Amino acid sequence: MPGPVVGRFAPSPSGPLHFGSLVAALGSCLSARSQGGQWLLRIEDVDVPRSVPGAAEGILRTLEHFGFEWDGPVVWQSQRTAVYREAFERLKAGAHLFPCACTRKEMADSALARDGTRRYPGTCRDGLAPGRVPRAWRLRVPPGGVVFDDAVQGRVVEDVLADVGDFVLLRADGLFAYQLAVVVDDGEAGVTEVVRGADLLDSTPRQILLQRLLGLPQPAYAHLPVAANAAGEKLSKQTLARAVEGMAPAALLVEVLDFLGQAPPSGLAESGLPAVWAWSLANWAPARIPRLRLAPAPAHV
């Protein structure tokens, strides 16, 4: 018999929650709760320079304002460096890593990967050039495709070596990369499903690769449509997305349900926040989620 479902929401504290964040939060929560599972909360502050002081506390406050309840204590990536170090050393001992001396400037003319990052050309794969010193450590990506079936986006196939190349796990500033941290965290927490925005779909093959190398189970994946503004840009801090803190929670959750194709009944918001949650849990239908990577958000958000 399969074990219990464990889902999670893992926001980065680079700013306040916006409508797009709420889509990922509600989608992941309803998916886990509707199956009688657990829903965990993790603050992904491994990238310390991008963390905004007070943003994490604001995120927790906003989630509570919208009626979210999570299981267990909040996990903070910034407190888990030793765990990431242990996984890093295991990969290093298995000859899966190599030191790299390349700078961003030196890679500026490299081909672009699907997610817009620069494809690593393999400069240091076979050893550092004379006089060069290591700046970062990269995963020695094996050849071959990674294939998985996403519950929303369908079958995904990527040759990580050809499209991305050897990717960084320990950065030049001494911080562990997001790809390693998220895989270690999900594995340790026993996460069985990852429901998140489609902006992270292209990261998933890299994470599956790391799961295999570390001997961790592969969760099920569902990548929800990303909310876009009128210009077709992903809602984010950079595109000046409005914070949802202070907005009417019942009404906005109903708009998120509508964005996710759930067809909430008219007048549901007027019934109050508990009624919105009760209807959502009783009527959650993953098959109705639009099979899109990007979809327009309501104009007022």
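Quantities reported herein were computed from a predicted structural model and do not represent experimental measurements. Values reported hereafter were calculated over all heavy atoms of this structure, with side chains retained and with hydrogens, waters and symmetry mates removed. FYI, the numbering just counts along the sequence from 1.
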> Taking side chain as C-beta onward, heavy atoms only, is Val147 less than 4.5 Å from Arg155?
Replying inline: yes
>> Is any side-chain heavy atom of Ser21 closer than 4.5 Å to one of Pro11?
In response: no
>> Measuring from atom CZ of Phe19 to atom CG of Asn229, what distance do you get when rounded to the nearest 0.5 angstrom?
In response: 12.5 Å
Quick one: do [X] and [Y] make a salt bridge, cutoff under 4.0 Å?
X      : Y      : answer
Arg85  : Glu89  : yes
Glu188 : Arg80  : yes
Lys234 : Asp199 : yes

Considering all heavy atoms, the nearest [X]-[Y] contact:
X      : Y      : result
Ala248 : Phe66  : O-CE2, 4.5 Å
Ala269 : Ala250 : O-CB, 3.6 Å
Leu175 : Val48  : CD1-N, 3.9 Å
Leu214 : Val184 : CD1-CG2, 4.3 Å
Leu257 : Pro264 : CB-CG, 4.0 Å
Ala25  : Leu63  : CB-CD2, 4.2 Å

Judged by atom type as modelled, is there a donor-acceptor pair below 3.5 Å linking the side chain of [X] to the main-chain atoms of [Y]?
X      : Y      : value
Asp258 : Val254 : no
Arg288 : Gln262 : yes
Glu86  : Ala82  : no
Arg118 : Ala108 : yes

> Does the side chain to side chain contact (heavy atoms under 4.5 Å, CB included) test come out yes or no for Ile43 and Leu60, once each step is laid out?
Replying inline: CA-CA 9 Å; Ile43 299 296; Leu60 300 181; 4.3 Å; yes
>> Please enumerate all residues that pass salt bridge (charged side-chain N to carboxylate O under 4.0 Å, His left out) together with Glu44, with sequence neighbours excluded.
In response: Arg42
>> If the condition is salt bridge (charged side-chain N to carboxylate O under 4.0 Å, His left out), which residues does Asp173 pass it with, not counting sequence neighbours?
In response: Arg171
> Which is it for Trp277 and Cys29 under the side chain to side chain contact (heavy atoms under 4.5 Å, CB included) test, yes or no, and what are the steps along the way?
Replying inline: CA-CA 11 Å; Trp277 275 103; Cys29 185; 4.0 Å; yes
> Given the rule in the side-chain hydrogen bond (donor to acceptor under 3.5 Å, both in side chains) test, do Asp185 and Gln77 qualify, once you have shown the distances and angles that lead to the verdict?
Replying inline: CA-CA 8 Å; Asp185 290 341; Gln77 286 187 332; 2.9 Å; yes
> Should Arg33 and Asp71 be marked as a salt bridge (Lys or Arg N to Asp or Glu O under 4.0 Å) after you check the CA-CA gap, both sets of side-chain angles, and the distance that decides it?
Replying inline: CA-CA 11 Å; Arg33 295 292 194 216; Asp71 295 295; 2.6 Å; yes
> Among all residues two or more places apart in sequence or in another chain, which pass the ring pair (Phe, Tyr, Trp, His ring centres under 6.0 Å) test with Trp70?
Replying inline: none
> Given the rule in the ring-ring contact (aromatic ring centres under 6.0 Å, His included) test, do Phe68 and Phe9 qualify, once you have shown the distances and angles that lead to the verdict?
Replying inline: CA-CA 11 Å; Phe68 287 91; Phe9 177 53; 7.4 Å; no
> Are Asp45 and Ser78 close enough, and set up right, to give a side-chain hydrogen bond (donor to acceptor under 3.5 Å, both in side chains), and what steps lead you there?
Replying inline: CA-CA 6 Å; Asp45 58 348; Ser78 57; 2.6 Å; yes
> Is there a side chain to side chain contact (heavy atoms under 4.5 Å, CB included) between Arg8 and Gln38 once you walk through the steps?
Replying inline: CA-CA 8 Å; Arg8 49 75 158 179; Gln38 291 184 305; over 6 Å; no
>> When you compare the side chains of Trp39 and Ser28, does any donor N or O come within less than 3.5 Å of an acceptor on the partner?
In response: yes
>> Quick test of your reading: applying side chain to side chain donor-acceptor pair (under 3.5 Å), list the pairs with at least one residue in residues 209-226, sequence neighbours left out, ordered by first then second residue.
In response: Asp150-His223, Arg196-His223, Thr204-His223, Gln211-Tyr221
> Which ILVMFWY residues are connected to Met107, directly or by a chain of links, through side-chain heavy atoms under 4.5 Å apart?
Replying inline: Phe98, Tyr120
> Would you say Glu69 has more than 12 foreign heavy atoms packed within less than 6.0 Å of its CD?
Replying inline: no
>> Out of the candidates Arg125, Arg138, Arg140, only one should pair with Asp166 under the side chain to side chain donor-acceptor pair (under 3.5 Å) rule; please name it.
In response: Arg125
> salt bridge (charged side-chain N to carboxylate O under 4.0 Å, His left out): which pairs involve residues 127-137, sequence neighbours left out?
Replying inline: Glu106-Arg132
